[in-house]
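For reference, positions follow the sequence shown, starting with 1.
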Amino acid sequence: MCTKGAFPHRSASSLPLTCVHTYIVCVPVLWGSVPWGMKLQCVSLWLLGTILMLCSVDNHGLRRCLISTDMDHIEDSFQEIKRAIQAKDTFPNVTILSTLETLQIIKPLDVCCVTKNLLAFYVDRVFKDHQEPNPKILRKISSIANSFLYMQKTLRQCQEQRQCHCRQEVTNVTRVIHDNYDQLEVRSAAVKSLGELDIFLAWIAKNHEVTSSA
């Protein structure tokens, strides 16, 4: 029979424990003597407790993978150079981050992988390929790059804890972005990607908020 505030006592291994997960402790009973209504109630509560526990573990894993940085500072830095960068874009009708539109249906568990892949895209390719003669713009780009490096460090901890899984669908999306980049001359591709940085920043901010509130 299920009781509240008592500790379980196992007097015989042949007697089952009917356990309720949330602050309701069960004692051994002869299962056949328990009314059906009480059986269903105990089983239902046990299943509910198990589901809540699994959800709690899942959400905890997501929270541990959150990137912690000042997105407003990054946004402000980009807005100060956005017009100057986009003025250098010689291919206004071409887009590199177009596949980000398909990322609206990405599952919460994919957010870490998508963010990790696109941070690597900007750090390893875009920032390195871009040659900026204007010292003021270069300082802003360097500031954004440093923020991206910090975010990469945060996500690397999740990778080490195996909490940043990459499904094939997500890998395919980021591969398309690299393919789009490769179709342009290196300098033009870097300028184009910098000019579209606000798309990626908006995606990070949106998914960071969604995941944080999970």
Side-chain angles (χ1 to χ4, degrees), residues 65 67 69-156 158-159 164-211:
C65 285
I67 52 177
T69 191
D70 188 352
M71 293 303 300
D72 290 336
H73 174 71
I74 300 176
E75 283 280 1
D76 291 342
S77 296
F78 176 70
Q79 290 301 324
E80 291 182 25
I81 63 173
K82 178 179 178 180
R83 182 174 298 179
I85 292 294
Q86 292 183 345
K88 301 177 182 179
D89 186 1
T90 56
F91 298 94
N93 297 324
V94 178
T95 178
I96 291 179
L97 298 185
S98 59
T99 53
L100 271 181
E101 297 175 359
T102 66
L103 298 184
Q104 304 305 319
I105 58 174
I106 287 294
K107 298 178 181 179
L109 287 176
D110 295 326
V111 170
C112 177
C113 178
V114 173
T115 307
K116 172 182 71 71
N117 289 347
L118 292 184
L119 285 174
F121 167 70
Y122 272 95
V123 171
D124 297 337
R125 302 198 67 179
V126 179
F127 294 142
K128 289 183 178 180
D129 290 341
H130 182 66
Q131 298 181 6
E132 181 54 57
N134 187 316
K136 181 179 178 180
I137 296 178
L138 182 59
R139 283 195 298 270
K140 294 298 181 179
I141 294 176
S142 297
S143 176
I144 296 172
N146 288 332
S147 296
F148 278 22
L149 287 171
Y150 179 78
M151 286 189 278
Q152 278 188 316
K153 180 180 178 180
T154 303
L155 294 181
R156 193 172 296 117
C158 293
Q159 289 178 265
C164 197
H165 307 290
C166 288
R167 295 186 301 116
Q168 187 60 45
E169 293 87 339
V170 177
T171 302
N172 291 341
V173 168
T174 52
R175 184 179 294 117
V176 170
I177 292 176
H178 281 276
D179 290 342
N180 292 340
Y181 190 90
D182 291 335
Q183 289 178 10
L184 296 178
E185 185 270 332
V186 173
R187 293 186 182 182
S188 298
V191 169
K192 169 66 67 174
S193 299
L194 282 174
E196 295 182 346
L197 188 59
D198 53 345
I199 300 175
F200 181 39
L201 295 179
W203 189 87
I204 292 179
K206 177 182 178 181
N207 285 276
H208 177 71
E209 293 175 1
V210 170
T211 310

Q) Measuring from L194:CG to H130:NE2, what's the distance to the nearest 0.5 Å? A) 5.5 Å
Q | CG on N134 to CD1 on I141, rounded to 0.5 Å | A | 9.0 Å
Q: Tell me, please, which residues at least two apart from A120 pass side-chain contact (heavy atoms from CB on, under 4.5 Å).
A: D124, Q152
Q: Would you check if N180 and T95 make a side-chain contact, meaning some heavy-atom pair closer than 4.5 Å?
A: no
Q. Taking all atoms of both residues into account, what is the closest heavy-atom pair of V114 and V170, and its distance?
A. CG2-CG1, 3.3 Å
Q | Over all atoms of both residues, closest heavy-atom pair of H73 and S143 | A | NE2-OG, 3.3 Å
Q: Could you walk me through whether S77 and I81 pass side-chain contact (heavy atoms from CB on, under 4.5 Å), step by step?
A: CA-CA 7 Å; S77 296; I81 63 173; over 6 Å; no
Q: I would like to know whether Q183 and V94 meet side-chain contact (heavy atoms from CB on, under 4.5 Å); could you show each step before the answer?
A: CA-CA 10 Å; Q183 289 178 10; V94 178; over 6 Å; no
Q) Heavy atoms, side chains only, cut-off 4.5 Å: are E169 and V173 in contact? A) no
Q) Taking only residues at least two apart or on different chains, which pairs with a member in residues 82-96 satisfy salt bridge (Lys or Arg N to Asp or Glu O under 4.0 Å)? A) K82-D198, K88-E132, D89-K192
Q.
Before you tell me yes or no, could you show the steps for L184 and I96 under side-chain contact (heavy atoms from CB on, under 4.5 Å), namely the whole-Å CA-CA distance, both residues' side-chain angles and the distance that decides it to 0.1 Å?
A. CA-CA 10 Å; L184 296 178; I96 291 179; 4.3 Å; yes
Q) Going from CG on D110 to NZ on K116, what distance comes out if it is rounded to the nearest 0.5 angstrom? A) 11.5 Å
Q. Any idea which heavy atoms bring L119 and M151 closest together, and the distance?
A. CD1-CB, 3.7 Å
**Q.** F148/L197 under side-chain contact (heavy atoms from CB on, under 4.5 Å): CA gap, chis, key distance, verdict
**A.** CA-CA 12 Å; F148 278 22; L197 188 59; 3.9 Å; yes
**Q.** Minimum heavy-atom distance I144-F127, with the two atoms named
**A.** CG2-CZ, 3.9 Å
Q | Heavy-atom side-chain contact between V191 and F91 under 4.5 Å | A | no
Q. Going by an N to O cut-off under 4.0 Å, is there a salt bridge joining D129 and R187?
A. no
Q) How are the rings of F121 and Y181 set to each other: parallel, tilted or perpendicular (split at 30° and 60°)? A) perpendicular
Q: Provide the full list of salt bridge (Lys or Arg N to Asp or Glu O under 4.0 Å) pairs with a residue in residues 170-182, sequence neighbours left out, each pair given once.
A: R125-D182
Q.
Main chain of F200, side chain of Y122: is a donor-acceptor contact present, judged purely on distance under 3.5 Å?
A. no
Q. Looking only at heavy atoms, which two atoms of T171 and C166 are closest? And how far apart?
A. OG1-CB, 4.2 Å
(Q) Taking I199's backbone N and O only, do any of them form a donor-acceptor pair with E196's side chain (distance below 3.5 Å, no angle check)? (A) no
Q. In Å, rounded to the nearest 0.5 Å, how long is the span from CD of E75 to CD of E80?
A. 12.0 Å
Q: Quick one: closest heavy-atom pair of L155 and C112, and the distance?
A: CD2-SG, 3.9 Å
Q.
Nearest 0.5 Å, please: how far is NZ in K206 from CG in L201?
A. 15.0 Å
